[in-house]
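For the single chain, residues carry numbers from 1 onward in sequence order. Computation of the quantities below employed the complete heavy-atom set of this structure, encompassing side-chain atoms and omitting hydrogens, waters and symmetry-equivalent molecules.
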Amino acid sequence: MFIPIMAEAQARPQSTRPSRERLNHSPAASSKQDTCTYHLVRVSRNRKTGPIPVTTTSANSCPPSCSFKGNGCYAESGPLAIHWRSVSEKRRGHGFGELLQEISTLRRHALWRHNQAGDLAPSSPGVIDAGLLNRLAMANRGRRGFTYTHYPPTPQNQAAILNANRLGFTVNLSAETLVQADAYADLGIAPVVVVLPQGITKPTRTPAGRQVIVCPASTGNSDCLNCGICQQRDRAAIVGFPAHGAGAQRVQTIFLEGRLS
């Protein structure tokens, strides 16, 4: 999944957590065991997010269809790669139940970012685990969580994403080209983000005429804490993230090839 962010190796969050009995009232999870690992830091030191809670999910959460997987994904290089590898190898982080406990103890109305690296938990390759996503959305109630997904919007995945957004947990559909961004926006189930070529700083439009604004954190004009546009589920604008990092050229190539196809 392509979203611009860097990470730090933060200490595991602490705090008084709600009882397991309370969490067990959440909707039932998938019948399959979740094999993902999750790490949450309550106060990020990243300049792009600002000091908000941020999570990382192990690499086995990423859908096999993502064009950036092993091909320019920003999280596969740099400081974030070291942290992500530790989470993916289960040397750092915890299971889904503990993640829910941590999310449910965030302060009311808190803005938080799920998955600076990684994606939503799958029930099988390419299929979002709707039960786990539903439970995450329920733990988020009263808070302002948001994330992005590169899972293909199949009918089954669309239903899971739409349900999460209706429950107040914002799941953005991540497009790889402007044409794909239009197709995702036409679905009407979730807000949309898209990658852009390197160095783009000014708004642009999709082939269908939809406005694409450049992420303010990418241009250094703001951060997630003071912007919060990606958490706005009913926004009309598509948010664009210029390609960056060691794989930026490959990401840009995918964008340009899609524009010309």
Side-chain angles (χ1 to χ4, degrees), residues 1-15 17-18 23 26 29 34-63 66 73-76 78-107 109-122 128-129 132-151 160-161 164-165 167-172 174 193 217 223-225 228 230-231:
M1 181 177 71
F2 176 85
I3 300 297
I5 225 70
M6 293 174 64
E8 318 90 36
Q10 306 95 341
R12 275 180 72 172
Q14 65 47 18
S15 75
R17 295 175 179 142
L23 291 174
S26 300
D34 179 29
T35 59
C36 296
T37 305
Y38 309 86
H39 179 274
L40 181 144
V41 59
R42 288 180 176 262
V43 181
S44 173
R45 297 188 301 273
N46 185 273
R47 67 173 182 82
K48 290 184 177 179
T49 64
I52 65 172
V54 172
T55 72
T56 303
T57 302
S58 52
N60 61 340
S61 62
C62 294
C66 178
C73 174
Y74 76 96
E76 293 176 343
L80 180 50
I82 299 172
H83 173 63
W84 196 21
R85 190 175 304 114
S86 293
V87 175
S88 298
E89 294 175 355
K90 301 184 185 298
R91 292 184 283 111
R92 181 179 297 162
H94 40 68
F96 188 73
E98 190 169 353
L99 173 68
L100 294 185
Q101 292 176 348
E102 291 171 337
I103 296 305
S104 66
T105 61
L106 296 178
R107 64 176 178 81
H109 309 299
L111 180 73
W112 66 280
R113 158 79 182 271
H114 185 42
N115 291 341
Q116 62 177 345
D119 209 306
L120 301 172
I128 296 169
D129 191 314
L132 294 186
L133 179 55
N134 191 82
R135 293 175 66 196
L136 182 61
M138 293 298 291
N140 173 70
R141 296 301 288 269
R143 299 159 187 88
R144 298 184 295 140
F146 69 99
T147 193
Y148 313 84
T149 185
H150 242 103
Y151 275 83
I161 292 167
N165 277 286
L167 288 173
F169 179 63
T170 306
V171 179
N172 290 267
S174 293
V193 299
D223 56 25
C224 294
L225 176 62
C230 289
Q231 195 274 329

Pairwise side-chain contact, [X] with [Y], heavy-atom cut-off 4.5 Å (strictly under):
{"X": "Ile52", "Y": "Asp223", "answer": "no"}
{"X": "Leu99", "Y": "Arg135", "answer": "no"}
{"X": "Asn60", "Y": "Ser88", "answer": "no"}
{"X": "Ile161", "Y": "Asn165", "answer": "yes"}
{"X": "Arg42", "Y": "Leu106", "answer": "yes"}
{"X": "Asp34", "Y": "Asp129", "answer": "no"}
{"X": "Asn115", "Y": "Tyr148", "answer": "no"}

Test your reading of the model: is there a side-chain donor-acceptor pair from [X] to the backbone of [Y], 3.5 Å cut-off?
{"X": "Asn140", "Y": "Gly168", "answer": "yes"}
{"X": "Arg144", "Y": "His109", "answer": "yes"}
{"X": "Arg143", "Y": "Arg141", "answer": "yes"}
{"X": "Thr57", "Y": "Gly118", "answer": "no"}
{"X": "Asn172", "Y": "Phe146", "answer": "no"}
{"X": "Arg45", "Y": "Arg47", "answer": "no"}
{"X": "Trp84", "Y": "Pro79", "answer": "no"}

[X] [atom1] to [Y] [atom2] distance, which is reported to the nearest 0.5 Å:
{"X": "Leu111", "Y": "Thr49", "atom1": "CG", "atom2": "OG1", "result": "9.5 Å"}
{"X": "Leu136", "Y": "Leu120", "atom1": "CG", "atom2": "CG", "result": "8.0 Å"}
{"X": "Thr55", "Y": "His39", "atom1": "OG1", "atom2": "NE2", "result": "10.0 Å"}
{"X": "Cys36", "Y": "Lys90", "atom1": "SG", "atom2": "NZ", "result": "7.5 Å"}
{"X": "Glu76", "Y": "Arg85", "atom1": "CD", "atom2": "CZ", "result": "9.5 Å"}

Residue pair [X] / [Y]: nearest heavy atoms and the distance that separates them:
{"X": "Pro122", "Y": "Tyr151", "value": "CB-OH, 3.1 Å"}
{"X": "Thr170", "Y": "Cys230", "value": "CG2-O, 3.4 Å"}
{"X": "Ala139", "Y": "Ile103", "value": "O-CG2, 3.8 Å"}
{"X": "Gly145", "Y": "Gln231", "value": "O-CG, 3.9 Å"}

For this session: Determine whether the side chains of Thr149 and Asp119 contain a donor N or O and an acceptor N or O closer than 3.5 Å.
Result: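 There is such a pair (donor and acceptor under 3.5 Å, judged by atom type) between the side chains of Thr149 and Asp119.
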For this session: Name all residues meeting the ring-ring contact (aromatic ring centres under 6.0 Å, His included) criterion together with Trp112; count only those two or more places apart in sequence or in a different chain, and write none if there are none.
Result: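 Partners of Trp112 under the ring-ring contact (aromatic ring centres under 6.0 Å, His included) test: His114, Phe169.
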